[in-house]
Amino acid sequence: MMFVEAQGLTKIYTPKGAPPVRALDGLDLSVPQGSVTALLGPNGAGKTTTVKVLTTLITPSSGSAFIDGIDVLKHPGSIRPLIGVSGQYAAVDENLTGFENLDMVGRLYHLGAKASRQRAHELIELFDLSDAANRPVKGFSGGMRRRIDLAGALVTRPKVLFLDEPTTGLDPRSRLGMWDVITTLVGEGTTVLLTTQYLEEADRLADSICVIDDGKVIARGTANELKASFGGQRLELNLVTAGDSATVAQILALVGDAEPAVSADGHELSVSAQNAPAALQEVLAELESRGIKLYDAGMRRPTLDDVFLRLTGHGAEDHVAKDGGS
Amino acid sequence: MIATNSSEPPAPTVAVRWARWFTDGWITTRRNLIKIKRVPDVLVFTTLQPIMFVLLFTYIYAGVIDIPGSSYKEFIMAGIFAQTVVFGSTFSGSAMAQDLRDGIIDRFRTLPMSPSAVLIGRTNGDLLINAISMVVMMATGLIVGWRVRSSFLEGAAAVALLLLFAYALSWMMAYLGMLVRSPEVINNVSFLVLFPLTFISNAFVPSATLPTPLRVFAELNPVSALVQAARQLFGNVRPGPPVSDVWTQQHPIATVLIGIVIVLSIFVPLSVNRFKNISSR
């Protein structure tokens, strides 16, 4: 059963003195009950706008959205008790302590004073926030704030949890901590819609991934399905002499499963390959025998940029630059 | 699967909605009370600044400014009260703008809470700050020789009128805060608007002494009506300078009450409606 279902969502903003912006352009989305679905895309693709529509914050220009069979646009008041939301910007009150923040959210979910306090204590325990429970949030690190914000989204054990870029801006350690928490939640069977710019994050957390660009879903599937379509890992070489690039590109074309990419200065080449370790060995042996010198050689997993290059013909970063972000 | 109407949960009853309106309003008020406790700036502003104003005006100007038939101390206190509560009403504007910037408005808006609760909590916060200021100012005033020359009830009515006037302004400021979305802009603009509004009035000098353009402005200024109403109710008006024959100065209490009703009936619905459709960033 589809727990969250959106069809043909569009959202058009008309900024003053500028042409209209299509933040969403016919986006379709469905999230099965008890699963984790990731919306993967660069800044400005429409991820946050989608979450805002589904969490009753904004009204789309057209389209429909249902959660648990309830019309989000017609009955926002009936949706709110079912959902938990945690955003990219920790929505906590700086002047309240961790405990007070969670207790306030519980009270506003109408849990009652006693149940609300009890739940706040449970969450502080669960999220390992005991140090922060009785200090105003003002002095907390970004990771700690984000954890309180996430705890706030879980006060009522929501039927569906929306996580908008849960780890953007976090240091690597906090990111790992956040992944652990989300993984635990998923184990408990919560339905989750998460947005992210990082393929690795989607790969690690999500059952299925929707790649979005310019307000539409441009590809969907499991992490493995998508990765297979991206062409496995990438092989990267950094040449000492740019003049060798034509020769090296020919060699790469033999082992890779797509045209090799050559950087503008001719020093960096890359290609995707199904069996990257074997291909790398083969290429290195060939370069050795021809006496072509390298600064660096390696393999890496496909990044969001590779995905975008393949699906749209432009990289994720270029896209941001072109559209001016947001 | 697509919705059927049978799966809609029942809407809360009217009684439940009113109970929620009340409890949600209290919970968000408590949030602002904690803030007053934790951010000493606000408390300093509400206690020390009024004391300073009372002392500066009564001791520096009282000897220079001559109010026929009255003492300047008696005359000035209602003016200081009015100016302080008017400025005290501006916290709602900058706080709503700050909440939008911090994203906590998005959190509130995804909760099944009453849509007016955040605004009620915010304006209640200003009301409490102003109530504290009033107590501090009146105590200071009594020490330097100001007296309530009417009855206890009329004095209480004067305090209530001052606080209600500022409360209505708080709703207006909250709306502006959501419109402008920048706490800095709200602070600067309210300073630029409210300073002339409180000074070009009868708060600190009798309006009759002002040059004509300023006098006309001062006589029609709602702050003048508030000051005059407070003076009357405190019994601080004595036979002396003639009060302007402008209707709002002849009937200051009615003017202020009408003003409060108009501002609230415009800005409460406007603010709640704006809140229902607003989102950070």
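In the text below, chain A, chain B and the rest are named by the order of the sequence lines, each starting its count at 1. These numbers come from a predicted model, not from an experiment.
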> Do A:Asn95 and A:Pro136 come close enough that some side-chain heavy atom pair is under 4.5 Å?
Replying inline: no
> For the candidates A:Arg107, A:His110, A:Met104, which exhibits the highest count of non-hydrogen atom pairs separated by less than 4.5 Å from chain B?
Replying inline: A:His110
>> Can you tell me which portion of A:Lys74 sits under 4.5 Å from chain B's heavy atoms? Options are side chain, backbone, both or neither.
In response: neither
> If you tally heavy-atom pairs under 4.5 Å against chain B, which of A:Pro76, A:Gly84, A:Ala153 wins?
Replying inline: A:Ala153
> Less than 4.5 Å apart, any side-chain heavy atom of B:Phe53 and any of B:Met137?
Replying inline: no
>> Between A:Val92 and chain B, with a heavy-atom cut-off of 4.5 Å, which part of the residue counts as in contact: side chain, backbone, both or neither?
In response: backbone
> Looking at A:Gly77, A:Gly87, A:Gly152, A:Ser30, which makes the most heavy-atom pairs under 4.5 Å with chain B?
Replying inline: A:Gly152
> Is a salt bridge present between A:Glu94 and A:Arg145, judged by a nitrogen-to-oxygen distance below 4.0 Å?
Replying inline: yes
> Top residue by heavy-atom pair count (under 4.5 Å) with chain A, among B:Ile105, B:Ile104, B:Thr23, B:Ile278?
Replying inline: B:Ile104
> If you measure only the distance, is there a donor-acceptor pair under 3.5 Å linking the side chains of B:Ser279 and A:Lys52?
Replying inline: yes
>> With a 4.5 angstrom heavy-atom cut-off, is it the side chain or the backbone of B:Arg38 that approaches chain A, or both, or neither?
In response: side chain
> Are B:Arg101 and B:Glu184 within salt-bridge range, i.e. N to O under 4.0 Å?
Replying inline: yes
> B:Leu111 versus chain A, heavy atoms under 4.5 Å apart: side chain, backbone, both or neither?
Replying inline: both
>> Taking side chain as everything from C-beta outward and backbone as N, CA, C, O, which of these in A:Thr97 sits under 4.5 Å from a heavy atom of chain B? Side chain, backbone, both or neither.
In response: both
> Under a 4.5 Å heavy-atom cut-off, does chain B meet the side chain of A:Asp149, its backbone, both or neither?
Replying inline: both
>> I'd like to verify something: which residue of B:Lys37, B:Lys35, B:Lys276 has the highest number of heavy-atom pairs under 4.5 Å with chain A?
In response: B:Lys35
>> So A:Thr196 and A:Glu165, do their side chains get closer than 4.5 Å, heavy atoms only?
In response: no
> Looking at B:Thr110, B:Asp99, B:Thr28, which has the largest count of heavy-atom pairs under 4.5 Å with chain A?
Replying inline: B:Thr110
>> Please report the interatomic distance CD(A:Glu5) to CG(A:Asp28), rounded to the nearest 0.5 Å.
In response: 8.5 Å
> Can you find a pair of side-chain heavy atoms, one from A:Gln7 and one from A:Phe66, that are under 4.5 Å apart?
Replying inline: no
